[in-house]
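Below is one structure, written out as structure tokens, with a few remarks after it.
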Amino acid sequence: MKTETLDPNTYLENIVRSALKELLGTKADQLPISLDRPRQPEHGDLGLPCFPYAKALGTNPAEAASMLAEHIHSDQVIAEVRALGPFLNFKLDRGKLAENVIQGILEGRPPFGPWPSNDLCVVIDFSSPNIAKPFHLGHLRSTVIGAALRRLYRFTGHEVHGINHLGDWGSQFGKIIVAWREWGDEEALVRDPMRHLFEIYVRYQKEEKERPELKERAAEAFRRLESGEDNDERALWRKLRDISLKAFQGPYGRLRVEFDHVTGESFYEDKMEAVVEKLEDAGITTISDGALVVEFPEQKIPPCILRKSDGTTIYATRDLAALFYRRETYKFDKALYVVGSEQKLHFRQLALVLEKLGWPQAKDVQHIDFGLILFFNEEKGRWEKGKTRSGNAIFLDEVLDEAVAGVRKIIEKKNPDLPDKEAISEEVGVSAIIFNDLKNGRIKDVKFDWKEMLSFEGETGPYVQYAGARLSSILRKAGVSIDSVLEEGEINFDLLEDAGTVLLTMMEFGPTLKRAVEKNEPSVLTSLMIRIASEIHSYLRDHRVLGDDPERTKARLALVAASRKILQTGLGILGVSAPEQM
RNA sequence: GCGCCCGUAGCUCAGCUGGAUAGAGCAGCGGACUUCUAAUCCGCAGGUCGCAGGUUCGAAUCCUGCCGGGCGUGCCA
């Protein structure tokens, strides 16, 4: 087997697997192999806990480790194998490690480059803002996490359909129609459509309490909209929808988010009746308080409403219609819904409906939930949902603008001669917001701390980008590029023995992507990017790349190029750019 | 009330299917720029992993109970 064609991690796993096979035969196939970096670097580069093998080998873990050690045949890659108590520790040959990792990255081979197709199709439903309501911070998370997952799945060999399931239907639209008729202003709409629509919507909600007739009018408006006739309501709906769609291009452009399909809720307008019939035919619906529902008495959770007592549909109906349509159209193996954890119950209800239907793919439909965005309330001394003092939602644009302004100020101070300052400020500022959102586990609330946000120190997007910019700068000075560095002649990879830590961390790229996919968790990758950046920064402090020794310089340039490229790839998956200079 | 989620250093968080002495960043203190970008780096200090039981050779990790916080809880999405 040619070691050159394998990434080091897989390679070691295979070695351990065959050693286990020699000892145990086919029984070895079920045993887990979890190689990880020991906490104490003296222990080795990779460690294997041997507890799981003790029983199979009929001995204690320490003895199992020793037995395994004897069956690991040292080769070019493995410099040393040693059993230490119940652990089997490996030390890798530094030159081979460097060669495999660096070449793998620079040549774009999996797992460092796009993975070969695995024939699995994934549908990702994300972002999905409400039409006629502004794009505020609340939409940021779904958008950013969904976009990252879309790229992550695609990179790892999946066929991906990223869908923007716009909230362009539903009874809220009746409210907007009434609000528009009451307070709509053409001029204001042209000037700043989202803000104007938001203002009249907020006003509606406030006045609805004092003027109950508004509520009736709104319900009537939605009923007329859903009637299918080409009436005034529909014309207005179309107009507001078009305006909103155009306005959303702003934030999507800045965040560099793309969709494969923009099929909003209205797309399923003519597909809902079939869904209702399907569920009725299956005999799982009942009428309760005049509404058509599916009940779940055993689970003790509220019923899933399919049609309200006024005869109009509800989002559950549309979600089911969308799901069936997507299954039919894309034949997905997995459907992900990137939606806040507030909606857990809704997705649980959908899952139960599917189960009752005996839908075979029910367990492949997953709610990818995430926490809230919180702001620190100085007066109350606690974290709260994002609202300004006037009670308005915080607009995404304002947040992005503020971050960009913060970056601009720092550039002015640290790198005033930088060309194209404005573009780079935008790039870095927006990235900082995205990165911040993807830094921690999805389920955690994102705590927006302006002071920390604008300092750009420590574990931030700019920190990782800065590492990339430093690397680029070195390549620029050397007059080589990522693509040309391997063509500069033979590289003596043994000279990179001082870069073991960085290389071992870069080696984690493949397993990290795998885990990120398994957990639908971009933050796993974000953390690795921070670690790689951190180790680069440290390495650059102690090791001069451009020096007197041409051999050493060449080897280190290869390392620099590979590091630069892996940062770019990783950040790219996250949706964060990697500027050449900053 | 019920359901779900969270609880790890002063703050914000990592900690993989249970494995070696629980790790970062921020804040604090002390250092490093005539040298490839100091948005950086190095060091110090900081922990009863909410509490109590249980399972296990081994628990921050799994189970049970309790406490604290959040979200949700029939015609919004």
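This is a predicted model, so every value here is computed, not measured. Order of the sequence lines fixes the chain letters, A, B, ..., with proteins taken first and strands second; residue numbering starts at 1 for each chain.
Phosphate proximity of B:G70 to A:W383: absent, as no side-chain N or O sits under 4.0 Å from OP1 or OP2. Checking the phosphate oxygens (OP1, OP2) of B:C76, a side-chain nitrogen or oxygen of A:S171 falls inside 4.0 Å. Distances shown here put every side-chain N or O of A:R544 at or beyond 4.0 Å from the OP1 or OP2 atom of B:U35. Regarding contacts with the backbone of B:A20, a side-chain N or O of A:R39 is found under 4.0 angstrom from either OP1 or OP2.
Residue contacts shown for A:E518 are absent, as no nucleic acid heavy atom lies under 4.0 Å away. Contacts of A:I530 with the nucleic acid, taken as non-hydrogen atoms under 4.0 Å apart, are absent. Residue-level contact check: A:P303 touches the bases, meaning some heavy atom is under 4.0 Å from a base atom. A:G371 comes within 4.0 angstrom of nothing in the nucleic acid, heavy atoms only. Residue contacts for A:H543: at a heavy-atom cut-off of 4.0 Å it reaches a base atom on one of the strands shown. Within 4.0 Å (heavy atoms only), A:L540 reaches at least one base atom of the nucleic acid. Contacts of A:V293 with the nucleic acid, taken as non-hydrogen atoms under 4.0 Å apart, include base atoms. Among the atoms of the strands shown, none is found under 4.0 Å from any heavy atom of A:L475. Here A:T312 lies out of heavy-atom contact (under 4.0 Å) with every strand. Here A:R318 lies in heavy-atom contact (under 4.0 Å) with sugar-phosphate atoms only. A:N60 comes within 4.0 angstrom of no nucleic acid atom, judged by non-hydrogen atoms across all strands. At a threshold of 4.0 angstrom between heavy atoms, the contacts of A:Q40 include nucleobase atoms, whether or not backbone atoms are also involved. At a threshold of 4.0 angstrom between heavy atoms, the contacts of A:S34 include nucleobase atoms, whether or not backbone atoms are also involved.
Here the separation of B:C16 from B:A60, taken at their C1' atoms, is 13 Å to the nearest Å. The C1' atoms of B:G10 and B:G47 are separated by 12 Å, rounded to the nearest whole Å. Here the separation of B:A14 from B:A9, taken at their P atoms, is 12 Å to the nearest Å. A gap of 43 Å separates the P atoms of B:C41 and B:C4, to the nearest Å.
Taking a cutoff of 4.0 Å between a charged side-chain nitrogen and a carboxylate oxygen, A:E207 and A:R203 qualify as a salt bridge.
One side chain, A:R564 or A:S472, offers a donor N or O that lies under 3.5 Å from an acceptor on the other. Side-chain contact, A:E226 with A:T312: no donor N or O sits under 3.5 Å from an acceptor N or O.
The only option from A:W383, A:F448, A:W450 that meets the ring-ring contact (aromatic ring centres under 6.0 Å, His included) definition with A:F375 turns out to be A:F448.
Between the side chain of A:D168 and the base of B:A77, no donor-acceptor pair under 3.5 Å is found. No N or O donor and acceptor, one from the side chain of A:E265 and one from the base of B:A77, sit under 3.5 Å apart.
With sequence neighbours excluded, the residues that form a ring pair (Phe, Tyr, Trp, His ring centres under 6.0 Å) with A:Y463 are A:H537. Under the rule for a ring pair (Phe, Tyr, Trp, His ring centres under 6.0 Å), A:F456 has no partner lying at least two apart in sequence or in another chain. The side-chain contact (heavy atoms from CB on, under 4.5 Å) search around A:E233 returns A:I177, A:R181, A:A221, A:R224, A:L225, A:N231, not counting sequence neighbours. In this structure A:K421 satisfies the salt bridge (Lys or Arg N to Asp or Glu O under 4.0 Å) test together with A:E412, sequence neighbours excluded. Under the salt bridge (Lys or Arg N to Asp or Glu O under 4.0 Å) criterion, A:D548 pairs with no residue at all, not counting sequence neighbours. Under the ring pair (Phe, Tyr, Trp, His ring centres under 6.0 Å) criterion, A:F126 pairs with A:F259, sequence neighbours left out. A:E265 is linked by a salt bridge (Lys or Arg N to Asp or Glu O under 4.0 Å) to A:R318, counting only residues two or more places apart in sequence or in another chain.
For the pair A:L438 CG and B:U12 P, the computed distance is 20 Å after rounding to whole Å. Between the P atom of B:C16 and the CD1 atom of A:I33 lies a distance of 20 Å, rounded to the nearest Å. With rounding to whole Å, A:I474 atom CD1 is found 10 Å from B:A38 atom P. Taking atom CG of A:L372 as the reference point, atom P of B:U12 lies 15 Å away to the nearest angstrom. In this structure, A:I176 atom CD1 and B:A77 atom C1' are separated by 11 Å, rounded to whole Å. B:A14 atom P lies 18 Å from atom CE of A:M529, rounded to whole Å. With rounding to whole Å, A:D417 atom CG is found 14 Å from B:A39 atom P. What separates NZ of A:K55 from C1' of B:G19 is a distance of 16 Å, to the nearest Å.
Within the model, atoms CZ of A:R556 and CG of A:L540 stand 10.0 Å from one another, a figure rounded to the nearest 0.5 Å.
Sorted pairs that involve residues 291-304 of chain A and meet salt bridge (Lys or Arg N to Asp or Glu O under 4.0 Å), not counting sequence neighbours, are lacking altogether.
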*Apply ring pair (Phe, Tyr, Trp, His ring centres under 6.0 Å) to the pair A:Y268 and A:H165, showing each step before the final yes or no.*
CA-CA 10 Å; A:Y268 304 98; A:H165 188 65; 5.8 Å; yes
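Residue whose closest nucleotide on RNA chain B sits further toward the 5' end, between A:N89 and A:I411: A:N89. Map A:I305 and A:E459 each onto its nearest nucleotide of RNA chain B; the residue landing nearer the 5' end is A:E459.
Stacking between A:F87 and the base of B:G19 is absent under the criterion of ring centres within 5.5 Å and planes under 30 degrees. Residue ring and nucleobase are not stacked for A:H346 and B:A77 under a centre distance beneath 5.5 angstrom and an angle between planes beneath 30°.
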Write out a two-atom table: protein N or O, nucleotide N or O from nucleotides 40-44 of chain B, distance below 3.5 Å.
unit_1 : atom_1 : unit_2 : atom_2 : d
B:U40  : OP1    : A:G458 : N      : 3.1
B:U40  : O2'    : A:R470 : NH1    : 3.2
B:U40  : O2'    : A:H537 : ND1    : 3.4
B:C41  : OP1    : A:Y463 : OH     : 2.6
B:C41  : O3'    : A:S538 : OG     : 3.3
B:C41  : O2'    : A:R541 : NE     : 2.7
B:C42  : OP1    : A:S538 : OG     : 2.9

*asked:* Counting primed atoms plus P, OP1 and OP2 as sugar-phosphate and everything else as base, spell out the protein contacts along nucleotides 2-8 of chain B at 4.0 Å heavy-atom distance: B, S or - for each nucleotide, 5' to 3'.
replied: --SS-S-
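Taking a pair as Watson-Crick or G-U wobble with both distances under 3.5 Å, the runs of three or more consecutive pairs in RNA chain B are B:1-7 with B:67-73, B:10-13 with B:23-26, B:28-32 with B:40-44, B:50-54 with B:62-66.
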Show me the donor-acceptor pairs within less than 3.5 Å that the side chains of residues 340-352 of chain A make with the rest of the protein, sequence neighbours left out.
unit_1 : atom_1 : unit_2 : atom_2 : d
A:S341 : OG     : A:F370 : O      : 2.9
A:H346 : NE2    : A:D319 : OD2    : 2.7
A:Q349 : NE2    : A:P302 : O      : 2.8
A:Q349 : NE2    : A:P303 : O      : 3.1

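Taking the O4'-C1'-N9-C4 or O4'-C1'-N1-C2 dihedral as appropriate, B:C33 has a value within 90° of 0 and is therefore syn.
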